[in-house]
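Chain identifiers are assigned alphabetically (A, B, ...) following the order of the sequence lines, protein sequences preceding nucleic acid strands; residue numbering begins at 1 within each chain.
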Amino acid sequence: MPPPDPVAPDLLERLVSLCKQRGFFFGSSEIYGGINALYDYGPLGARMRRNVRNLWWRAMVELRDDVEPIETSIIMNPQVWVASGHVATFTDPLVDCTGSCRKRWRADHLGDLRRERGKPEDAPGCPECGGRLTEARQFNLMFRTHLGPVADDAAQVYLRPETAQGMFVDFATVVQATRRRLPFGIAQQGKSFRNEISPSNSIFRTREFEQMEMEFFCKPGTDLDWHSYWCTERMRWWIEDCGVRAGRLRLRAHDEDELSHYSVATSDVEYLFPWGWGELEGIADRTDFDLRSHMEASGRDLSYFETETNERYVPYVVEPAAGLDRGFLTMLMDAYHEEEVRGEKRVVLRLHPDVSPWQVAVLPLSKKPQLTEVARSLEQRLRNRFRTEYDETQSIGRRYRRQDEIGTPLAITVDFDTLDDNAVTIRERDGMTQVRVPIDTLEQACEDQLVASRAAALDRARTAADQAGQSAQPQRQG
RNA sequence: GCGGGAGUAGCUCAGUGGUAGAGCAUUACCUUGCCAAGGUAAGGGUCGAGGGUUCGAACCCCUUCUCCCGCUCCA
């Protein structure tokens, strides 16, 4: 395994600061002092987050002929969570050390933790210091609430901790409605909620988050092949569609003793964060566990009849489940660069042009009416094709930097020559190069530049091991 | 819950008993006219909250609230 790339240790702090300042994301409810581990997405963040979500939708639904989308309710019949095992087992049993180290442990991991420290698995007390441990307390990670006006046990419901169960529960209905034959997938994006004991690392682990999940139903025996297929495809998506550098990504197969009770094979897509490798997506072969559980609990038949072979079976499921917020954070961190330009620090987000909040910024060289009028109407015109922003405040250099900082790949500048030659300059973010193009063909020129920008993003994602902290050579022309 | 860190301007922070500050950011005007430009001016702070000590508290003492980081959590 290659050594991990060096990562600036305070990168997260600088990025979080930038994100608040520029409106990507920030703590929720801040005027009331905030609330632990919950976040709001600001104007730029909401735009970018939607772009990421759309890229997934495009790749997983629109460009495929074997996936159907659904959107299921966040609150479901509570029996769903009994059948899925979440009521019984989606818990963290915790014990606290009352000895010298005062650490908190997972009660069900104590044996492993002791063994890692060279102690017998059944040794008494704290794995670290041997101190007395408290009784295990059970924390169910599901948020509870009540349905209807009476807050009694009968009305007890849960906020979903994963979107997946919606796909399982609706499997037969989707098959019926779409006349689908296996193999095919059901996909959905949506919020999930987990009352995490210890959320951490900004928006990486939060209690409210958005999942992008797809359950791919297939014939038993073909599941491992499909698992392999989806591992490849999902890695491709992170790198090629989102521009995340391959050198910072890895696909890690779970060890046998690490597998969930329902899975025979799971691989995680992981990114190298400043705090270590973190999971962006889990690709699990869930076998027929979920459908079978719901068949038993509901009494409904969720099996599938294969007409070609006259076989009836319960489908196996391969599930690629990605975290939108984690992907969002990953793309920001992966794109963040600081470099020296003419003795000044330049902060630039080398975001993929399909991810960046804006694609094209339209800037009059100065705030003279004859320039701003042209620039404003140009921006209006380009809106039909691109995500555009107009900015006329302050000096042109400052505005270029401001756009760099939020990852806008292209800036169009209207100058005094424009009034004579009917042409404008397009300035590109990464190389800071400029070309002059006639206004008549501006849409096509922008499109060409974005194609080039996508190619550059792809090239960087595939080949660049690590550019953090390195200075790119500034280039200039025109 | 435990341990650590931190709450002062939109952001980053300085200010350890004597009139609340800096840089950046924001707004307006002037100048300039292609890579974080110069000038002038303006706006913006119950110094997290409460109590105490003191002639006087951002600063000392007590209480409290909140956020951040870690405690290996599987999106």
Side-chain angles (χ1 to χ4, degrees), chain A residues 12-14 16-23 26-30 32-38 92 94-98 101-106 109 112-113 116 128 134 137 139 141 161-164 189 191-192 194 196-206 209-213 252 254 258-260 263 266 268-270 275-284 319-327 341-347 363-368 371 393-405 411 413-417 425 427 429 432-434 436 474 476 478:
Chain A
L12 183 65
E13 286 170 39
R14 281 176 296 169
V16 165
S17 178
L18 168 70
C19 283
K20 177 173 185 185
Q21 180 106 21
R22 301 308 307 273
F26 37 80
S28 167
S29 322
E30 281 191 330
Y32 288 105
I35 180 166
N36 183 266
L38 292 165
D92 283 350
L94 297 177
V95 295
D96 291 311
C97 169
T98 62
C101 76
R102 302 293 228 176
K103 288 195 171 172
R104 167 171 282 177
W105 308 97
R106 284 276 298 269
H109 291 175
D112 293 341
L113 293 162
E116 285 168 15
E128 184 84 12
T134 61
R137 284 171 297 161
F139 285 102
L141 270 56
E162 62 174 25
T163 63
Q189 302 172 317
K191 285 279 180 85
S192 290
R194 294 181 189 176
E196 298 283 354
I197 308 299
S198 54
S200 62
N201 293 320
S202 178
I203 56 175
F204 183 78
R205 168 167 288 101
T206 59
F209 58 100
E210 181 141 351
Q211 293 188 301
M212 307 185 292
E213 295 195 291
R252 188 182 66 83
H254 283 206
E258 190 184 356
L259 290 171
S260 310
S263 179
T266 298
D268 289 344
V269 178
E270 297 182 331
W275 58 86
W277 291 97
E279 180 184 349
L280 302 181
E281 174 161 4
I283 301 156
E319 170 198 83
L324 172 57
D325 309 275
R326 289 181 175 187
V341 177
R342 298 180 165 190
E344 298 279 353
K345 187 175 92 168
R346 180 171 91 123
V347 173
L363 318 169
L365 186 59
S366 83
K367 204 166 25 173
K368 291 277 190 284
L371 297 189
T393 63
Q394 301 193 312
S395 75
I396 187 68
R398 207 172 276 257
R399 279 176 280 160
Y400 284 151
R401 290 293 195 277
R402 202 147 59 199
Q403 294 297 333
D404 292 341
E405 202 175 62
T413 305
V414 175
D415 58 24
F416 293 98
D417 293 339
T425 48
R427 180 261 194 190
R429 175 193 71 202
M432 295 181 285
T433 54
Q434 293 183 315
R436 194 158 186 90
R476 208 162 156 237

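- Residue A:G282 is in sugar-phosphate contact alone, with no base atom involved, counting any heavy-atom pair closer than 4.0 Å across all strands shown.
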What does the list of N/O pairs under 3.5 Å between the protein and nucleotides 26-30 of chain B look like, with a distance for each?
residue : atom : partner : partner atom : Å
B:U26   : OP1  : A:Q394  : OE1          : 3.4
B:U26   : OP1  : A:R402  : NH1          : 2.7
B:U26   : OP2  : A:Q394  : OE1          : 3.3
B:U26   : OP2  : A:Q394  : NE2          : 2.7

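- For A:E162, the salt bridge (charged side-chain N to carboxylate O under 4.0 Å, His left out) criterion is met by A:R286, not counting sequence neighbours.
- Looking only at distances, a side-chain donor or acceptor of A:R399 sits under 3.5 Å from a matching main-chain atom of A:Q394.
- Scanning for side chain to side chain donor-acceptor pair (under 3.5 Å) contacts around A:T393 gives A:D391, A:R402, with sequence neighbours left out.
- The salt bridge (charged side-chain N to carboxylate O under 4.0 Å, His left out) check on A:R427 picks up A:D404, with sequence neighbours excluded.
- Using a 4.0 Å heavy-atom criterion, one finds that A:L280 contacts the sugar-phosphate atoms exclusively.
- Within the 4.0 angstrom heavy-atom criterion, only backbone atoms of the sugar-phosphate kind lie near A:S17; the bases stay farther away.
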Using a cut-off of under 3.5 Å, enumerate the N/O to N/O pairs linking the protein to nucleotides 7-9 of chain B.
none

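- The aromatic ring of A:F209 sits over the base of B:A75, with ring centres less than 5.5 Å apart and planes tilted by under 30°.
- One donor-acceptor pair, N or O on each side, does fall under 3.5 Å between the base of B:C35 and the side chain of A:R427.
- Across all strands shown, nothing is found opposite B:U54 as a Watson-Crick or G-U wobble partner with both distances under 3.5 Å.
- For A:T425, the side chain to side chain donor-acceptor pair (under 3.5 Å) criterion is met by no residue, not counting sequence neighbours.
- Among residues two or more places apart in sequence or in another chain, the side-chain contact (heavy atoms from CB on, under 4.5 Å) test is passed with A:S28 by A:I35, A:L38, A:D40.
- For the C1' atom pair drawn from B:C61 and B:U16, the interatomic distance equals 14 Å after rounding to whole Å.
- Applying the 4.0 Å criterion to OP1 and OP2 of B:A75, one finds that A:R194 has a side-chain N or O inside that range.
- Counting heavy atoms from C-beta outward, A:R326 and A:R205 have side chains that approach closer than 4.5 Å.
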Atom pairs under 3.5 Å, N or O on each side, protein against nucleotides 40-49 of chain B: can you list them with distances?
none

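- Side-chain contact check for A:M432 versus A:V341: some heavy-atom pair is nearer than 4.5 Å.
- Using a 4.0 Å heavy-atom cutoff across all strands shown, A:E196 reaches at least one base atom of the nucleic acid.
- Spacing between B:G70 and B:A9 at atom C1', rounded to whole Å, works out to 31 Å.
- Side-chain contact between A:F209 and A:S192 is present, with heavy atoms from C-beta onward closer than 4.5 Å.
- Across all strands shown, the partner of B:C67 is B:G5, judged by Watson-Crick or G-U wobble contacts whose two distances both fall under 3.5 Å.
- Partners of A:E281 under the side chain to side chain donor-acceptor pair (under 3.5 Å) rule, at least two apart in sequence or in another chain, are A:R234, A:W238.
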Which pairs, protein N/O on one side and nucleotides 64-67 of chain B N/O on the other, fall under 3.5 Å?
residue : atom : partner : partner atom : Å
B:U66   : O2'  : A:G33   : O            : 2.3
B:C67   : OP1  : A:N36   : N            : 2.5

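- Contact annotation for A:K20: backbone-only contact, meaning every heavy-atom pair under 4.0 Å involves sugar-phosphate atoms and none involves a base.
- Counting any heavy atom pair closer than 4.0 Å across all strands shown, A:L365 reaches a base atom.
- Searching all strands for a Watson-Crick or G-U wobble partner of B:C13 with both distances below 3.5 Å returns B:G21.
- With sequence neighbours left out, the salt bridge (charged side-chain N to carboxylate O under 4.0 Å, His left out) criterion links A:E270 to A:R250, A:R252.
- Shown here, B:G33 forms no base pair; nothing in the strands shown gives a Watson-Crick or G-U wobble contact with both key distances under 3.5 Å.
- Listed by chain and number, the residues in a side chain to side chain donor-acceptor pair (under 3.5 Å) with A:E30 are A:K20 (sequence neighbours excluded).
- Across all strands shown, B:A41 forms a Watson-Crick or G-U wobble pair with B:U27, both key distances being under 3.5 Å.
- Between B:A37 and A:S395, a contact under 4.0 Å exists linking OP1 or OP2 to a side-chain N or O.
- Within 4.0 Å of A:T206, counting heavy atoms only, lies at least one base atom of the nucleic acid.
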